[in-house]
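Structure record follows, encoded as structure tokens.
Reminder, nothing fancy here: chain letters follow the sequence lines and each chain counts from 1. These values consider heavy atoms only, across backbone and side chains, with no hydrogens, waters or symmetry-generated copies. This structure is a prediction, so every number in the text was calculated from the model and none was measured.
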There are 2 protein chains.
Amino acid sequence: MPTTYAANLEDVKEAARRIAPYANRTPIMTCATIDAMAGRSIVFKCENFQKIGAFKFRGACNAIMGLSDADAARGVVTQSSGNHAQAVALAAKLRGIDAHIIMPSSSVAVKKRAVLGYGAKVYECDVTEQSRNEVCDRVEAETGAIRISPFDQPEIIAGQGTATLELLEQAGHLDAIVTPIGGGGLMSGTAIAASELDPKLRIIGAEPKGADDAARSLAAGKFIPLTEPKTIADGLRTSTGKYTWPIIRDHVERIITISEEDIVSSMRLIWERMKIVIEPSAAVAVAAILSDEFKGLEGIDKVGVIISGGNVDFDNLPW
Amino acid sequence: MPTTYAANLEDVKEAARRIAPYANRTPIMTCATIDAMAGRSIVFKCENFQKIGAFKFRGACNAIMGLSDADAARGVVTQSSGNHAQAVALAAKLRGIDAHIIMPSSSVAVKKRAVLGYGAKVYECDVTEQSRNEVCDRVEAETGAIRISPFDQPEIIAGQGTATLELLEQAGHLDAIVTPIGGGGLMSGTAIAASELDPKLRIIGAEPKGADDAARSLAAGKFIPLTEPKTIADGLRTSTGKYTWPIIRDHVERIITISEEDIVSSMRLIWERMKIVIEPSAAVAVAAILSDEFKGLEGIDKVGVIISGGNVDFDNLPW
């Protein structure tokens, strides 16, 4: 029984062509110390070096550059407190259209400034999901702008998959790929690209123990929403969606859950040893490849890890 | 009147061949935001990605790998509280010989642990230059080990010059190169390599205002020692030396001096915008290219900046 997902490899390849003039082809990096600690060869795909400092630019750029001229003229609207807000703001600026961004009033000031710096309009809302959606609905109705989902939209999934397309071109054969899972945009794009390019490639997720909805969903074989996320990994405090969950369900071999302590120590380890800045959400995938659970998996010699982003509040470091 | 310096381009090329099996060929990076701020195209040579996290490994590796087997068997001795200590310890480990490292008792614990981790013997001394030299002399006499200078030695200068050899291969034509100046090992190696490869290439130094001995020396046309360094840039709290000063005197067009405030803000800027970890000494060169003095120089479109290192105490960040 063939299953149709929200995106396939052709969509990812089309996204790659579409975003090529705007997105960075980010480098891969390796580190002998980390290899020794992991007991394997690890290839890091450095999306912290992507535009706006995170992979999110890939999906937002694909969605916004793919709009018809008539749709684009209406502008775009989204809600996000973090990297997706900046990604939509920058992609809209590059397209030359309006961006309306709904941000919780609790958002970090530096992130709000970045979004305003790209020329977007910022609307404040309360931190609750309900408040965010209400303000988003209102702005959409008032402006006629096109909604851009942070993760649960075919163009977003295809765009995020382009990181894996590049990683496999740069690193050659991999036995496994590890990414963090929040809403599942990065993981579902990764899974689509990787499984079609190399069906034997093992796809492994990483989640904070304090936001382990995808791990519980995978264990139960059915979607379970995230209710009370408690994690420093601010990019991963989200349930998976109607498009991302089926892809994760069918392609992800396992999801390794990570303690807050291990997130912080893995983040610091990468800063110290690799001299690159990664954010807590990215450290979740690093912690996964250093976990006993992952070390116990046989037949895996070379692993790709997507470093999802590097946007950190340097005034509030977690150590 | 031909002048003979401690090293020439041939020495730098020989060093490059000697260290190639051990040192990283570090990447270059660019950043649109920094280019816009500087008003020029800036190419960063990322020695924070070098082994031990700083360019110092190049010189130490060249000096130690170049020893005869008989000399190498005696072991090596040096004094340093920072990156040179780690560089000598690692190079000695790779050569399979003893390393004796004299470190001030005030040295940061993490740096001492790193040196011990490479299998070196650590000897404590007081923070004064006199105490360091006394302990160094004693250990040299007792062990017969070969002394490796942190900067004022021909093999060290030639080794540091290999960063510029690579930078010019990677970046193509440059109008200017900027490096920080402490003892002058990096700057003199840079000047030797750059001036012989491209006599028109302008060589510009950067120093903290609180450790501006090279700037004062250049202004006076004669060597002036550093007496009371006061700067967060711990790699630059040193006078130039008998080998490095003449090279600096004859090749460096100007030395831009940087306030402590600008060192800290430039360090943070690079962390935030480029997502790489750089140490205060490296930030001095970044601040230089962003200074009004540098912006006022005409005829410079493309500039190479050597990011000297990325070893930072994450428990004591300067903001």
Under 4.5 Å to a heavy atom of chain B? For A:M274 that would be backbone

Check whether A:I278 gets within reach of chain B through its side chain, its backbone, both or neither, counting any heavy atom under 4.5 Å. neither

Does the side-chain contact (heavy atoms from CB on, under 4.5 Å) test come out yes or no for A:V277 and B:I276, once each step is laid out? CA-CA 6 Å; A:V277 174; B:I276 63 174; over 6 Å; no

Once you leave out hydrogens and angles, what donor-acceptor pairs under 3.5 Å do chain B and chain A share?
| residue | atom | partner | partner atom | Å |
| --- | --- | --- | --- | --- |
| B:R268 | NH1 | A:D315 | OD1 | 2.9 |
| B:R268 | NH2 | A:D315 | OD2 | 3.1 |
| B:K275 | O | A:V277 | N | 2.9 |
| B:K275 | NZ | A:G310 | O | 3.1 |
| B:K275 | NZ | A:N311 | OD1 | 2.6 |
| B:V277 | N | A:K275 | O | 2.9 |
| B:G310 | O | A:K275 | NZ | 3.1 |
| B:N311 | OD1 | A:K275 | NZ | 2.7 |
| B:F314 | O | A:W319 | NE1 | 3.0 |
| B:D315 | OD1 | A:R268 | NH1 | 2.8 |
| B:D315 | OD2 | A:R268 | NH2 | 3.1 |
| B:W319 | NE1 | A:F314 | O | 3.0 |

